[in-house]
Amino acid sequence: EIRQIFLGLNFSVVEGPEVESEYYNFDALNIPADHPARDMWDTFWLKTQTNADKFQRKSALGPRKSALLLRTHTSPMQIRYMETHNPPFQIIVPGVVYRHEASDATHDFQFMQIEGLMVGKNVSLANFKYIIEVFLKKLFGPDLEFRLVPHYYPFVEPGVDVYMKFKGKWLEVAGAG
């Protein structure tokens, strides 16, 4: 249903590998080698000889393109897509992601994520507001209340959290920018 809504908004659906390289998952997204998200406690690194060498010699060699992991987000597909397509474009990237987290009512080590990327002239937060409103109202009904709240994310400017009213309470449903 989510795919169909975005296809109706002229987005392309792009999918990618769940086993990802360190290059696409972190380096190409400008996530520094010393960022906490790369820590063994946040990322599921795959046991290979290359990865074993990486952890033993990380400070000497820095990040290596060949180190493999279970993707921590679907953002690597943004880089892969931009390597082979020229703007303007608008895509969504749905997929399973993995993070080494304690499970509770709102967190799990494996979950579905969907993200979007629009690149073109005059694309603004106003475009995002329209798209997220159409999406949420098609998915949850025309009477849905939602709001955008300013929030800091190091990878976008400006950044916002998306909230929707659910059973009388505001529920954060997305981070964006």
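Because the structure is a prediction, the values reported are computed rather than measured.
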Can the ring centres of Tyr81 and Phe89 be said to be less than 6.0 Å apart? yes

Working to the nearest 0.5 Å, report the span between [atom1] of [X] and [atom2] of [Y].
{"X": "Ile79", "Y": "Leu29", "atom1": "CD1", "atom2": "CG", "answer": "4.5 Å"}
{"X": "Glu145", "Y": "Leu136", "atom1": "CD", "atom2": "CG", "answer": "12.5 Å"}
{"X": "Ile91", "Y": "Met82", "atom1": "CD1", "atom2": "CE", "answer": "7.5 Å"}
{"X": "Ile5", "Y": "Ile92", "atom1": "CD1", "atom2": "CD1", "answer": "9.5 Å"}
{"X": "Phe135", "Y": "Phe146", "atom1": "CZ", "atom2": "CZ", "answer": "12.0 Å"}
{"X": "Phe6", "Y": "Glu1", "atom1": "CZ", "atom2": "CD", "answer": "12.0 Å"}

Any idea which heavy atoms bring [X] and [Y] closest together, and the distance?
{"X": "Val156", "Y": "Ala176", "value": "CG2-O, 3.8 Å"}
{"X": "Gly175", "Y": "Asp161", "value": "CA-OD1, 3.9 Å"}
{"X": "Val19", "Y": "Leu46", "value": "CG1-CD1, 3.5 Å"}
{"X": "Pro88", "Y": "Gly120", "value": "CB-CA, 4.1 Å"}
{"X": "Leu117", "Y": "Phe11", "value": "O-CE2, 4.5 Å"}

Check for a donor-acceptor pair, side chain of [X] on one end and backbone N or O of [Y] on the other, with a separation under 3.5 Å.
{"X": "Gln90", "Y": "Asn10", "result": "yes"}
{"X": "Arg71", "Y": "Ser21", "result": "no"}
{"X": "Thr43", "Y": "Trp45", "result": "no"}

Single-linkage hydrophobic cluster [X]~[Y], side-chain heavy atoms < 4.5 angstrom:
{"X": "Val14", "Y": "Val123", "value": "no"}
{"X": "Trp170", "Y": "Val173", "value": "no"}
{"X": "Ile132", "Y": "Val134", "value": "yes"}
{"X": "Tyr130", "Y": "Leu144", "value": "yes"}

Looking just at side-chain N and O atoms, do Thr72 and Asn25 make a donor-acceptor pair shorter than 3.5 Å? yes

Contacts of Glu18 meeting salt bridge (charged side-chain N to carboxylate O under 4.0 Å, His left out) (sequence neighbours excluded), chain-then-number -> none

Would you say [X] has more than 12 foreign heavy atoms packed within less than 6.0 Å of its [atom1]?
{"X": "Lys137", "atom1": "NZ", "answer": "yes"}
{"X": "Asn122", "atom1": "CG", "answer": "no"}
{"X": "Tyr153", "atom1": "OH", "answer": "yes"}
{"X": "Phe111", "atom1": "CZ", "answer": "yes"}

Taking the inter-plane angle between the rings of Phe109 and Phe44 on a 0 to 90° scale, is it parallel (under 30°), tilted (30 to 60°) or perpendicular (over 60°)? perpendicular

Intermediate values then yes/no, side chain to side chain contact (heavy atoms under 4.5 Å, CB included), Glu172 and Val162: CA-CA 6 Å; Glu172 181 186 349; Val162 180; over 6 Å; no

[Y] and [X], any side-chain heavy atoms less than 4.5 Å apart:
{"X": "Phe128", "Y": "Leu148", "answer": "yes"}
{"X": "Val97", "Y": "Thr74", "answer": "yes"}
{"X": "Met118", "Y": "Ile131", "answer": "yes"}
{"X": "Leu70", "Y": "Glu20", "answer": "no"}
{"X": "Lys129", "Y": "Leu125", "answer": "no"}
{"X": "Val96", "Y": "Met112", "answer": "yes"}
{"X": "His35", "Y": "Phe26", "answer": "no"}

Can you spot which of Gln113, Glu115, Met77, Arg3 makes a side chain to side chain contact (heavy atoms under 4.5 Å, CB included) with Pro94? Arg3

Step-by-step side chain to side chain contact (heavy atoms under 4.5 Å, CB included) determination, Glu22 to Leu69: CA-CA 7 Å; Glu22 182 177 20; Leu69 57 110; 4.2 Å; yes

Tell me whether Arg80 forms a cation-pi arrangement with Tyr24, defined as NZ or CZ under 6.0 Å from the six-membered ring centre and within 45 degrees of its axis. yes

